[in-house]
Amino acid sequence: MAQQEQSQKPQPQKQQGDKQKPQKQQQPIAELRRVRIEKMERLRDEGVPVWPERFERTHTLEKAADLAEGTEGVRIGGRVIAKRDMGKLIFAKLRDFKGGLQISLRKDGLDPELFKRFKKRIDIGDHVGCAGRIYRTEKGELTLEVESFEFMGKALRPLPEKWAGVKDVETRLRQRYLDLIVNEEARDRFRLRTSVVRTMRRYLDDHDFEEVETPILATKASGAMARPFTSHHNALDIEVTLRIAPETYLKRLVVGGYDKVYEFARCFRNEGMDPSHLQDFTMLEYYCAWWNYEDNMRFTEELVKHTIKEATGGFTVERKDEDGNVTRTLDFGGESWPRVTMRELIQRDCGIDITAQEDAASLRAAMIEQDIRVDKMDVLGRGALVDQLYKKVSRPKLIDPVFLIQHPTDLSPLARRNDDDPSVVDRFQLVVNGWEVVNAYSELVDPLDQRARLEEQAGLRAAGDDEAMDLDEDYLLAMEHGMPPISGWGMGIDRFVALITGQDSLRETVLFPLMRPE
RNA sequence: GGGUCCAUAGCUCAGUCGGUAGAGCAGCAGAUUCUUAAUCUGCGGGUCGUAGGUUCAAGUCCUACUGGACCCA
């Protein structure tokens with residue numbers, strides 16, 4: 001019997017499909033969708049607004065979960081994420097962004113029509129607004145006894161599996177909303193990102209920094225060594241590039257008199273895609289006049305510790321493997337993070353003293369002698385070779401926070417030379433878990449040295465290092481109007497969030513990472 | 001650029017030696033007034049990523065392509 005009744009409903013649809021060819025291939029999902037549209041149409045027939053514009057709530061679910069038993073007149077709204085129908089008693093679970101609450105409907109506890117409507121027309125995924133009183137079930141769960149409810153919108157497609165969630169990486173990235181609906185871990189991660197940004201912004205504001213915005217669309221890519229995205233500006237008929245860093249604009253502002261300035265800067269680098277590089281990412285940069293890199297290191301330690309404490313509640317971060325086993329614990333709580341020069345570090349890890357290797361050729365020879373080979377070895381200048389060498393032999397070993405200081409000058413064209421040793425610059429990086437989290441230095445404020453250094457970069461560029469920096473006359477012009485001593489600072493926010501949320505891929509810290517179209 | 005792996009129902013996954021497709025959840029019908037991944041009975045749902053090839057026979061083997069994951073340089 002039931003069987004026959006069953007087959008009558010879907011049947012017409014199928015016959016139609018057979019007769020009318022143009023009807024698109026019948027995806028099975030269409031059946032689930034059709035059922036839900038039908039429910040919506042029934043609701044409309046019953047005079048229920050199917051996309052109502054408003055429901056007055058007295059509490060969010062997070063707040064409602066703190067209410068005392070017996071509280072009357074509570075009005076809450078949310079998405080139905082579970083429904084357990086026991087005949088004359090229905091339990092369901094509602095969720096909104098920050099909380100969740102169980103509701104219950106008793107057949108003799110509300111209008112029979114409403115009870116039937118909930119039973120028959122409400123699907124998992126739909127939104128409802130409920131009014132009632134708070135009580136505790138026999139099993140002890142705080143619950144809203146629904147006295148009336150309003151249908152607040154239909155989900156035409158089913159939600160992913162309630163227990164396993166969405167696992168497929170591609171689906172999670174392409175349809176992040178599903179990841180957010182179903183995976184609590186994803187919600188927590190993105191809320192933590194927001195909290196990190198908010199905490200850092202407040203900390204900087206509280207220390208008298210000014211937040212500014214500088215151009216994303218520019219005529220010259222500067223401030224970092226990277227390939228830019230280019231576009232065409234129609235009105236001016238010129239080539240433009242998306243910024244690769246906000247650095248030179250923020251420093252122009254210091255020329256203009258800002259002495260503490262920062263920007264959360266979306267930057268774009270047209271380079272290889274891998275788990276630790278996004279093409280579209282967020283960098284926080286700040287510049288502080290009258291500071292040197294030592295002052296900046298102290299401030300960095302305070303800022304980073306404060307942020308981690310606020311965001312996670314502690315100073316340690318656990319890194320886990322695929323099975324959830326803790327592989328390492330990063331400790332940010334150390335009294336004063338250790339400082340090590342690039343020279344000391346490389347010497348310790350492979351025996352090469354970079355100070356003794358004064359040019360690219362001799363350094364290359366020393367590396368080959370140790371059987372250390374890196375990409376494009378024969379075209380890179382000395383600075384870039386040092387950098388590659390460091391990344392190969394040393395960086396992976398740096399786990400707990402450490403300040404790596406005094407990088408080669410020719411790797412840092414915008415940084416100030418060290419007074420005692422002009423072959424290195426007054427620069428530091430905060431390295432954690434083998435990742436560069438912060439890059440900062442005492443800024444080069446001498447316009448003549450700056451010109452010479454940028455000309456040297458142009459030479460490297462001509463020799464085949466396509467990451468070498470471009471010469472930026474407009475920035476040199478600004479510099480020639482006079483700069484105070486400055487220390488500047490940059491942090492990859494995506495990377496920092498990945499670090500403290502235990503993610504290996506930066507795409508898990510970005511809501512909608514770019515994907516190739518399907 | 002070179003290599004390895006993955007793609008099966010809306011979701012999570014099985015699928016043996018090549019013999020024509022399975023489960024759980026979700027859905028539908030029914031039962032059920034305290035559930036918590038509710039339970040119980042019954043039912044529907046598939047161009048096995050796409051296109052070729054091998055074979056009597058392909059989800060399974062081969063090739064290419066598409067999308068994804070990872071490793072190396």
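Residue numbers start from 1 in every chain, and the chains themselves are labelled A, B, ... in the order their sequence lines are given, proteins ahead of strands.
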Among [options], which nucleotide has an atom closest to any side-chain atom of [X]?
{"X": "Tyr135(A)", "options": "C71(B), C28(B), C34(B)", "result": "C34(B)"}
{"X": "Lys162(A)", "options": "C25(B), C34(B), C13(B)", "result": "C25(B)"}
{"X": "Trp163(A)", "options": "C34(B), G27(B), A37(B)", "result": "A37(B)"}
{"X": "Val166(A)", "options": "U33(B), U12(B), G68(B)", "result": "U12(B)"}
{"X": "Lys167(A)", "options": "C13(B), U32(B), U36(B)", "result": "C13(B)"}
{"X": "Ile29(A)", "options": "G10(B), C28(B), U33(B)", "result": "G10(B)"}
{"X": "Arg174(A)", "options": "A38(B), G68(B), G27(B)", "result": "G68(B)"}
{"X": "Ala82(A)", "options": "C25(B), A38(B), C28(B)", "result": "A38(B)"}
{"X": "Asp123(A)", "options": "U36(B), G27(B), U33(B)", "result": "G27(B)"}
{"X": "Glu170(A)", "options": "U12(B), A38(B), G68(B)", "result": "G68(B)"}

Where do [X] and [Y] come nearest, in terms of heavy atoms and distance?
{"X": "Cys130(A)", "Y": "Ile103(A)", "answer": "SG-CD1, 3.9 Å"}
{"X": "Val425(A)", "Y": "Pro408(A)", "answer": "CG2-O, 4.3 Å"}
{"X": "Lys167(A)", "Y": "Arg172(A)", "answer": "O-NH1, 3.6 Å"}

Is the shortest side-chain N/O distance from [X] to OP1 or OP2 of [N] below 4.0 Å?
{"X": "Lys120(A)", "N": "G30(B)", "value": "yes"}
{"X": "Arg516(A)", "N": "G67(B)", "value": "yes"}
{"X": "Lys39(A)", "N": "C28(B)", "value": "yes"}
{"X": "Lys119(A)", "N": "U33(B)", "value": "no"}

Using Watson-Crick or G-U wobble geometry with both distances below 3.5 Å, tell me the partner of A57(B), or none.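 Pairing partner, where one exists within any strand: none, as none qualifies.
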With both distances under 3.5 Å as the test, what is the Watson-Crick or G-U wobble partner of A38(B)?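 No nucleotide pairs with A38(B).
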Rounding to an integer number of angstrom, what distance separates G52(B) and A58(B) when you compare their C1' atoms?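 Straight-line distance between the two C1' atoms is 13 Å.
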Distance between the C1' atoms of U36(B) and C25(B), in whole angstroms?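 The answer is 16 Å between these two C1' atoms.
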Go through the steps for Lys63(A) and Lys98(A) under the test side chain to side chain contact (heavy atoms under 4.5 Å, CB included), then give the verdict. CA-CA 9 Å; Lys63(A) 295 276 162 51; Lys98(A) 292 186 182 175; over 6 Å; no
Does the structure place the NZ or CZ of Arg243(A) under 6.0 Å from the centre of the six-membered ring of Phe268(A), at an angle of no more than 45° from the ring's axis?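 Verdict for Phe268(A): no cation-pi partner in Arg243(A).
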